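Encoded as structure tokens, the structure appears first; notes follow it.
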Number of protein chains: 2
Amino acid sequence: MAESAKPATSMRSLERAIDILEVFDASQHALRLTEIARRAGLPIATTQRILGVLEARGRVERDANGYRPGVGLIFGAHAYLATSPLLNAARPVLQDLAAATGLTASLFKRIGWFRVVLARVDGATPLRYELPIGERLPLHLGAGKALAAQMTDDELAGFLDQLDSHTRADGSTVDRDQFLAELSTIRELGYSQARGEREPGMASVAAPVPDPAGASAAVQVTGTYTDVPEDRVPQLGVELQRAALAIARRTP
Amino acid sequence: MAESAKPATSMRSLERAIDILEVFDASQHALRLTEIARRAGLPIATTQRILGVLEARGRVERDANGYRPGVGLIFGAHAYLATSPLLNAARPVLQDLAAATGLTASLFKRIGWFRVVLARVDGATPLRYELPIGERLPLHLGAGKALAAQMTDDELAGFLDQLDSHTRADGSTVDRDQFLAELSTIRELGYSQARGEREPGMASVAAPVPDPAGASAAVQVTGTYTDVPEDRVPQLGVELQRAALAIARRTP
DNA sequence: GACAACTTCACCACTGTGTGGAAAGATGGG
DNA sequence: CCCATCTTTCCACACAGTGGTGAAGTTGTC
């Protein structure tokens with residue numbers, strides 16, 4: 001847990017409030033005051049004071065079981081989804097992609113060592129499993145590889161170091177060299193593919209959205225093994241690259 | 001704009017940061033520093049300092065055009081959606097409702113003088129217009145009436161006072177007495193209905209989710225005029241009440 | 001190309017806000 | 001009923017947050 005720099009602007013109280021909010025981003029159920037304080041690494045009294053404000057402002061809710069994220073958080077996300085140039089550029093492209101392929105098309109963005117689902121348009125057969133917007137998914141499985149392939153060498157090293165195990169949904173494990181080899185294939189081809197890596201029975205093809213400032217987004221189509229037979233992959237790959245390019249073009 | 005009390009806990013800087021975030025909740029495009037400061041009613045220097053922190057923490061993004069909401073906001077919303085007892089209770093019920101009626105089922109919650117879309121399950125015919133989660137909709141049109149009908153007299157008075165015009169999507173206007181009469185009908189029947197009030201060509205039926213602490217959520221089904229013929233409404237009304245009750249029962 | 005208008009940034013001395021230890025109050029298990 | 005754990009309230013001090021000011025950067029107009 002090496003603490004990094006605290007460079008330019010600093011505001012302790014705000015910074016701490018965000019720390020507390022981030023505690024909620026992770027866990028699934030209501031948390032007690034003491035627990036939140038512990039996880040955020042803050043004194044209890046301070047934690048409580050901050051939670052009080054957050055609660056008053058609808059950012060946090062509360063019941064007998066403790067504190068939970070509050071409805072107020074919804075608006076920010078909605079505002080982000082509505083104003084993001086990337087998303088506005090991607091939306092029609094995803095529609096087209098879903099219509100043209102009959103598969104479910106999604107847009108991901110890399111955040112730290114994860115990727116996040118930003119948008120999704122269902123194809124002919126809506127997927128059976130949920131994949132709600134905002135979900136955090138790994139970078140080393142499925143469409144994550146399209147993003148991992150775009151990392152700089154330094155980033156990649158850092159990423160691999162914090163990855164403890166690399167096991168796919170089908171139980172197979174991948175070692176570092178295999179993975180690096182795959183990433184370089186992805187860079188060559190311009191798209192990634194996966195079968196049952198993150199979700200058993202599901203296949204996907206993905207392409208990074210080119211971006212001068214280092215690509216951090218990717219488009220993907222997903223479907224069952226039957227929807228995405230092996231021999232359809234190259235064609236889908238090309239279509240995805242076209243889509244990724246279209247998104248990049250339309251992004252201001 | 002009567003300022004209310006600022007009782008218990010107060011933390012100026014945090015409070016102000018939230019004010020700034022709320023500025024973004026409203027507007028559609030990137031905002032300049034000066035503009036944000038103006039809207040939040042804060043000194044420029046202070047605004048900038050806060051924005052700096054928010055940006056560093058991914059809550060705000062920035063480009064040549066100014067500041068926009070940041071991706072970081074997504075996680076909070078996701079956490080809320082995942083942990084809200086109301087939502088977890090509602091999800092399966094909405095599924096059933098959509099399956100049983102073939103219509104699109106949604107859950108709303110009242111927040112201030114608005115209602116917010118919390119969840120939506122598409123029916124047989126997915127709706128043509130978007131209604132993304134987090135969207136703020138009026139309380140006096142469509143399914144909003146089911147929520148308005150649950151307000152206390154005081155709340156209702158306050159609500160009507162700040163409502164400047166009451167015009168439906170079809171152009172017809174409603175006066176105060178008409179509206180109050182309709183609300184009391186809704187209370188009697190236990191469900192509300194609307195045709196082309198908020199969205200032309202669309203009809204909906206909605207029922208409030210009972211809650212000891214004053215109902216603030218409602219279930220709804222929507223469809224075209226053809227999907228929801230007049231004579232189907234009473235039956236749907238009953239089904240919605242059942243669904244609303246089921247949600248209330250399942251909510252811890 | 002020179003001005004004007006606007007926007008953002010860095011500085012810094014003052015002071016009021018946020019801090020957190022400690023003690024009182026709830027809650028609940030055995 | 002008592003003890004262990006969690007939550008809330010209190011308060012005096014110190015330092016974090018404040019915001020006026022002016023310089024630096026950007027955009028648009030004539």
Side-chain angles (χ1 to χ4, degrees), chain A residues 3-24 27-70 83 85 212-213 252, chain B residues 3-24 26-70 83 252:
Chain A
E3 281 310 312
S4 53
K6 37 190 64 189
T9 29
S10 174
M11 277 203 269
R12 198 152 62 139
S13 55
L14 213 198
E15 213 86 57
R16 288 169 160 194
I18 298 178
D19 288 341
I20 288 180
L21 284 173
E22 286 183 349
V23 167
F24 287 110
S27 197
Q28 310 284 311
H29 31 254
L31 297 171
R32 325 238 54 170
L33 172 58
T34 318
E35 177 63 9
I36 298 171
R38 204 186 53 71
R39 296 202 196 181
L42 297 173
I44 293 194
T46 305
T47 305
Q48 204 223 23
R49 193 165 349 107
I50 293 174
L51 282 171
V53 178
L54 292 176
E55 188 193 357
R57 297 302 223 93
R59 256 58 189 178
V60 155
E61 284 171 15
R62 212 181 157 190
D63 59 27
N65 299 320
Y67 297 85
R68 283 177 289 106
T83 58
Chain B
E3 280 310 313
S4 52
K6 34 192 66 191
T9 29
S10 173
M11 277 203 268
R12 199 154 58 141
S13 55
L14 214 200
E15 213 86 57
R16 286 170 160 191
I18 299 179
D19 289 341
I20 289 180
L21 284 173
E22 287 184 347
V23 167
F24 287 111
S27 198
Q28 308 286 311
H29 30 252
L31 297 171
R32 328 236 56 167
L33 172 58
T34 317
E35 177 63 9
I36 298 171
R38 204 184 54 71
R39 296 202 198 181
L42 296 174
I44 293 195
T46 305
T47 305
Q48 202 217 27
R49 194 164 350 106
I50 293 174
L51 282 170
V53 178
L54 292 176
E55 188 192 0
R57 296 303 223 92
R59 255 60 191 177
V60 155
E61 285 171 15
R62 212 183 157 186
D63 59 27
N65 298 320
Y67 297 85
R68 284 177 291 106
T83 57

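Only a predicted model underlies this, so the values are computations on that prediction, with no experimental measurement involved. Each chain gets a letter, A, B and so on, in the order the sequences are listed, and its residues count up from 1. FYI, side chains are in, hydrogens and waters are out, and symmetry mates aren't considered; it's all heavy atoms of this structure.
- Summarising the geometry, the separation between OH on Y67(B) and C1' on dT8(C) is reported as 7 Å, rounded to the nearest angstrom.
- Listed pair R16(A) / dT19(C) meets the phosphate criterion, a side-chain N or O lying under 4.0 Å from OP1 or OP2.
- With rounding to whole Å, L42(B) atom CG is found 15 Å from dG20(D) atom C1'.
- For T46(B) and dT18(D), the shortest distance from a side-chain N or O to OP1 or OP2 is not below 4.0 Å.
- Nucleotides of DNA chain D nearest to L14(A) and G66(A) differ in position, and the one nearer the 5' end is that of G66(A).
- Considering all non-hydrogen atoms of both residues, S13(A) and I50(A) come closest at O-CD1, 4.3 Å.
- Ion pairing between R57(B) and D19(A) holds under the 4.0 Å rule for side-chain N and carboxylate O.
- Atom CG of D19(A) and atom P of dT19(C) are 12 Å apart (whole Å).
- With DNA chain D read from its 5' end, the first of the two nearest nucleotides for A45(B) and A45(A) is the one closest to A45(A).
- Shortest non-hydrogen contact noted between P69(B) and T83(A) is CD-OG1, 3.4 Å.
- Nucleotide dT18(D) holds its C1' atom 13 Å from the CD1 atom of I20(B), rounded to whole Å.
- Contact between the side-chain N/O atoms of R12(A) and the OP1/OP2 oxygens of dA14(D) is not found at any separation under 4.0 Å.
- Checked against dT19(C), dG17(D), dT8(C), the side chain of T34(B) finds its nearest nucleotide in dT8(C).
- Between dT7(C) and R62(B), no contact under 4.0 Å exists linking OP1 or OP2 to a side-chain N or O.
- In this entry the distance linking CD of Q48(A) with C1' of dC10(D) reads 12 Å, nearest Å.
- Note: CG (L51(B)) to P (dG17(D)) measures 15 Å, nearest angstrom.
- Nucleotide dT7(D) holds its P atom 5 Å from the CG atom of L33(A), rounded to whole Å.
- Remark: C1' of dT18(D) and CD1 of I44(B) are 15 Å apart, rounded to the nearest angstrom.
- Between the side chain of R49(B) and the base of dG19(D), at least one donor-acceptor pair of N or O atoms lies under 3.5 Å.
- Salt bridge present: R59(B) and E22(A) bring a charged side-chain N and a carboxylate O closer than 4.0 Å.
- Under the 4.0 Å criterion applied to side-chain N and carboxylate O atoms, E35(B) and R38(B) are assigned as salt-bridge partners.
- Checking the phosphate oxygens (OP1, OP2) of dT17(C), no side-chain nitrogen or oxygen of S13(A) falls inside 4.0 Å.
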